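Here the structure is laid out as C-alpha cells; the discussion comes afterwards.
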Amino acid sequence: MSSTAYRSTRSASADAHSFEEVVLKGLASDGGLFIPSKVPQLPADFINTWKDLSFNELAFNIMRLYIESSEISDAELKELISKSYSTFRHEDVTPIEKIHDKLYLLELFHGPTYAFKDVALQFVGNLFEFFLQRKNANLPEEQKDKLTVVGATSGDTGSAAIYGLRGKKDVSVFILYPTGRISDIQEAQMTTVPDANVHTLSVKGTFDDCQDIVKQIFGDAEFNKKFHIGAVNSINWARILAQQTYYFYSYFQLLKKSGNDATKVRFVVPSGNFGDILAGYYAKEMGLPVDKLIIATNENDILDRFLKSGEYAKGADVKATLSPAMDILISSNFERLLWYLARNQTGDDLQAGATVAQWFADLKTNGSFKVSDAIIADAKKDFDSDRVQDEEISATITETYQKYNKYVLDPHTAVGVKVASDNIARDNGADVTYVSLSTAHPAKFSDAVDKALGGVEGYSFEKEVLPQELKELSSQERRIKLIDQADVEVIKAAIEELLK
Ligand SMILES: Cc1ncc(COP(=O)(O)O)c(C=O)c1O
Ligand SMILES: N[C@@H](CCOP(=O)(O)O)C(=O)O
C-alpha cells in the first residue's frame with residue numbers, strides 16, 4: 001500500500017497533496033515542509049524477499065510505497081531509477097567498505113559529483129524532467145510550464161543539482177553559495193558547467209544567508225507565480241525519499257558481509273541540514289531494524305545541543321570548520337522530525353501542525369524554542385548525538401590512513417568516524433555494528449586532507465586521492481557571478497536578469 005497523502009509540517013487543517021505537487025512545489029505555501037503523514041510499513045517478510053535485490057530494485061520497492069502508481073507507473077518509475085543510477089561509477093551504486101569488525105563505511109560518493117547528494121539529485125533531475133515533459137506534451141512553446149529551480153549550497157548540493165539538471169528541457173537552475181566558504185573543487189564543479197540553463201551566484205555571506213534567501217523566494221507568491229520556483233535542497237521531499245534506499249541496501253550488504261552476524265546496527269551520519277539522517281529515520285519508521293541513528297555534528301552543533309537540552313537555538317555566528325558543507329546554524333530539515341515528535345504526543349496531525357508552526361514562529365522572533373522532556377525522551381529512542389572539533393577531524397583522518405590500509409577519509413566522513421569510534425569504545429565489546437556514512441570523496445576537500453596527511457611519509461594527494469576527472473576541472477574556465485549583498489531583492493533581480 002502506498003502512502004500518498006502529503007501535508008505541510010505547519011498546517012493546522014486537513015491537507016492532502018499529491019507526490020507531483022510536492023516535488024514541483026518544493027516548499028508548502030505556509031512555509032512548512034511536505035511530509036507523508038503516514039509512514040508506510042514494510043512487508044512482513046521484507047528481509048527475505050528484499051535482501052538479494054539490486055540497488056535499483058530496492059529503490060523501486062521503497063519509492064513505490066510512497067508514490068501512487070496512478071501518478072507514475074511501474075514502468076516509468078523503473079526507467080527513472082535506472083536512468084538516475086546509470087551515471088554512477090560503482091556497480092553497487094553505494095557500496096560498503098569494512099574498516100574493522102565493528103565499523104563499516106557506506107560510500108556514497110560514487111556519483112557524478114563525488115558526494116552523497118548525487119544519489120538523490122540524479123533522481124530529482126530526471127523526475128523534474130519527467131513531470132514537465134508530461135505536463136508540456138502537445139502544448140505550444142509559449143504555454144509550456146517552465147521551472148526555475150533555486151537552491152542554496154554549502155558546496156555539495158549545488159554541484160549535484162547542477163549535474164542533475166544541466167541541459168534539462170524547461171528547467172533553469174540558480175545556485176547560491178557563500179563566497180569563499182566552499183572548497184576550490186566544489187566551486188570549479190559548479191562554475192565550469194557550460195550549459196545555458198545553469199547559473200551560479202556567489203553570495204557575500206554564509207550558507208544560512210543563502211538558505212534564508214531561498215526560503216524567502218519560496219514565500220514570495222508573486223515571484224513564485226511568475227517563475228514557478230522549484231527546490232533542490234533537502235526541503236524537497238523527493239531528496240529524502242531517494243536517500244532512503246541506501247539505508248536498506250547497506251543493511252542487506254552488511255548482513256551478507258558479516259555472515260548475518262550484525263545483530264544491532266547503528267548508523268552514524270555526519271549532519272548539517274538533517275536531510276541525510278532523516279532518510280534513515282523514515283527507513284527505521286518503516287520497519288528497518290536499526291538500533292539507533294547517531295547524529296554527528298561539527299562545531300556548528302545545533303542538533304547535538306537540541307538532543308542534550310531540548311532547546312533548538314540558533315546560536316551565535318557560524319564557525320568556519322574543516323567540514324564546511326556542515327557549517328550550518330539552522331538545520332532546515334529538522335522540522336520534519338519535529339512534526340512526527342509533536343504528533344507522537346497527541347496522535348493528531350492538525351495539532352502537530354499548529355505546534356510546529358508555533359515553534360518556528362518562536363524561532364523567528366526569539367532565535368530559539370524549547371520542547372518538553374517527553375519529546376526529547378521520544379527523540380532519544382531513535383537518535384543519539386555527538387559533536388566533533390576540527391583537531392579531532394584531522395586526527396581521525398591521520399589515524400584511519402595509518403591504521404587501515406591508507407584509507408583516506410574526507411573531513412565530513414571523519415566527523416562520523418570519530419563519533420562511531422567513540423561509541424565503539426564506550427560499548428566496551430558489546431555486539432553492535434556501526435555503519436558510518438561516507439558523504440563525500442576526499443578529493444573535494446584537499447585543504448583538510450592535506451592538513452591531516454601532509455606530514456605522513458609517502459602520502460601524495462595527487463597520486464592517491466585526486467581522480468583524473470577532478471584534476472581536469474582546474475584548467476577549465478569558470479563563470480562566476482559575484483553578488484556582494486546577501487539580500488533577497490538583489491538575488492531576485494539577478495535571477496530575472498539572467499532569465500531574460
Ligand atoms: C559532504 C557532506 N557531508 C554531510 C553533509 C550533511 O548532510 P545533511 O545536510 O543532509 O545533514 C553535507 C551537506 O549537506 C555534505 O555535503
Ligand atoms: N551541505 C549542503 C547544504 C544544503 O543542504 P541540503 O541537503 O538541504 O541541500 C550542501 O552541500 O550544499
Side-chain angles (χ1 to χ4, degrees), residues 26-27 33 106-109 111 113-121 124 149-162 164 175-178 181-183 185-187 189-190 200 203 206-212 214-215 231-240 242-244 246 267-281 293-298 300-304 318 321-337 383 385 388 393 409-417 419 436-445 448-449:
L27 194 67
L33 276 67
L106 168 51
E107 292 183 344
L108 300 172
F109 52 73
T113 70
Y114 295 78
F116 82 91
K117 313 278 169 145
D118 288 321
V119 178
L121 282 161
V124 169
V149 165
V150 184
T153 189
S154 53
D156 281 340
T157 292
S159 6
I162 287 170
I175 297 294
L176 281 57
Y177 66 91
R181 289 177 185 256
I182 65 172
S183 79
I185 287 204
Q186 287 176 318
E187 186 170 70
Q189 282 180 316
M190 287 194 282
T200 49
V203 181
T206 63
F207 167 75
D208 286 276
D209 295 329
C210 297
Q211 179 156 261
D212 207 42
V214 169
K215 287 193 173 167
V232 277
N233 282 107
S234 54
I235 52 175
N236 194 319
W237 163 253
R239 287 269 313 269
I240 308 299
Q243 286 170 189
Q244 291 175 35
Y246 48 72
F267 284 93
V268 184
V269 189
S271 295
N273 235 357
F274 204 72
D276 206 5
I277 196 163
L278 186 76
Y281 174 74
L293 295 159
I294 304 180
I295 304 164
T297 77
N298 66 18
N300 298 296
D301 57 354
I302 184 167
L303 296 167
D304 183 48
V318 71
T321 71
L322 289 176
S323 46
M326 286 154 48
D327 290 347
I328 293 175
L329 284 182
I330 293 288
S331 297
S332 71
N333 238 295
F334 196 56
E335 183 167 342
R336 286 190 164 109
L337 174 67
F383 293 95
S385 71
V388 172
I393 292 179
L409 299 172
D410 106 283
H412 307 80
T413 307
V415 169
V417 168
V419 170
S436 198
L437 273 59
S438 182
T439 50
H441 190 285
K444 296 191 85 170
F445 301 98
V449 172

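One-based numbering, in listed order, for ligands and for the atoms of each. Keep in mind that what you see is a predicted model, and the values were worked out from it rather than measured.
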Open item on the list: Would you say Thr297 and Asp304 are linked by a side-chain donor-acceptor pair, where the criterion is simply a distance under 3.5 Å?
Closed with: no
- [ ] For ligand 2, note which part of Met326 has a heavy atom under 4.0 Å away: side chain, backbone, both or neither.
- [x] neither
Task: side-chain contact (heavy atoms from CB on, under 4.5 Å) evaluation trace for Val318 with Arg181 - done: CA-CA 11 Å; Val318 71; Arg181 289 177 185 256; 3.7 Å; yes
- [ ] Consider every N or O of Ala325 and every N or O of ligand 2, then say whether any pair is closer than 3.5 Å.
- [x] yes
Open item on the list: So if I count the atoms of ligand 2 from 1 in the order they appear, which ones are less than 4.0 Å from some heavy atom of Phe207?
Closed with: 3 (C), 4 (C)
Task: By side chain to side chain contact (heavy atoms under 4.5 Å, CB included) - contacts of Ala325 (at least two apart) - done: Ser154, Asp156, His412
Task: atom 12 (O) of ligand 2 - nearest protein heavy atom and its distance - done: Thr153 OG1, 2.6 Å
TODO: Could you check if a side-chain atom of Ser436 sits within less than 4.5 angstrom of a side-chain atom of Thr413, using non-hydrogen atoms only?
DONE: no
Open item on the list: List the protein residues in contact with ligand 1, where contact means a heavy-atom separation under 4.0 angstrom.
Closed with: Phe116, Lys117, Asp156, Pro270, Ser271, Gly272, Asn273, Phe274, Gly275, Asp276, Ala325, Met326, His412, Thr439, Ala440
- [ ] Give the residue and atom name of whichever protein heavy atom lies nearest to atom 11 (O) of ligand 2, and the separation in Å to one decimal.
- [x] Asp156 N, 2.8 Å
- [ ] Could you check whether the rings of Phe383 and Tyr281 sit parallel, tilted or perpendicular, using 30° and 60° as the cut-offs?
- [x] parallel
Open item on the list: Run Cys210 and Thr153 through side-chain contact (heavy atoms from CB on, under 4.5 Å) and show every step you take.
Closed with: CA-CA 7 Å; Cys210 297; Thr153 189; over 6 Å; no
- [ ] Determine whether the side chains of Asn333 and Arg336 contain a donor N or O and an acceptor N or O closer than 3.5 Å.
- [x] yes
TODO: For ligand 2, note which part of Asn273 has a heavy atom under 4.0 Å away: side chain, backbone, both or neither.
DONE: side chain
TODO: For Gly275 and ligand 2, answer yes if some heavy atom of the residue is under 4.0 Å from a ligand atom, otherwise no.
DONE: no
Open item on the list: Could you walk me through whether Ile235 and Lys215 satisfy the side-chain contact (heavy atoms from CB on, under 4.5 Å) test, starting with their C-alpha distance in whole Å, then the side-chain angles of each, then the deciding distance to 0.1 Å, before giving a yes or no?
Closed with: CA-CA 10 Å; Ile235 52 175; Lys215 287 193 173 167; 4.1 Å; yes
Open item on the list: Under 4.0 Å, counting heavy atoms only: does Arg239 come that close to any atom of ligand 2?
Closed with: yes
TODO: List the closest protein heavy-atom neighbour of atom 3 (C) of ligand 2: residue, atom name, distance to the nearest 0.1 Å.
DONE: Ser154 OG, 3.3 Å
Open item on the list: Do Phe334 and Ile302 make a side-chain contact, defined as non-hydrogen atoms from C-beta onward lying under 4.5 Å apart?
Closed with: no
Task: Taking atom 8 (O) of ligand 2 as the reference point, the nearest protein heavy atom with its distance - done: Ser234 OG, 2.6 Å
Task: ligand 2 versus Lys117: contacting region, heavy-atom distance under 4.0 Å - done: side chain
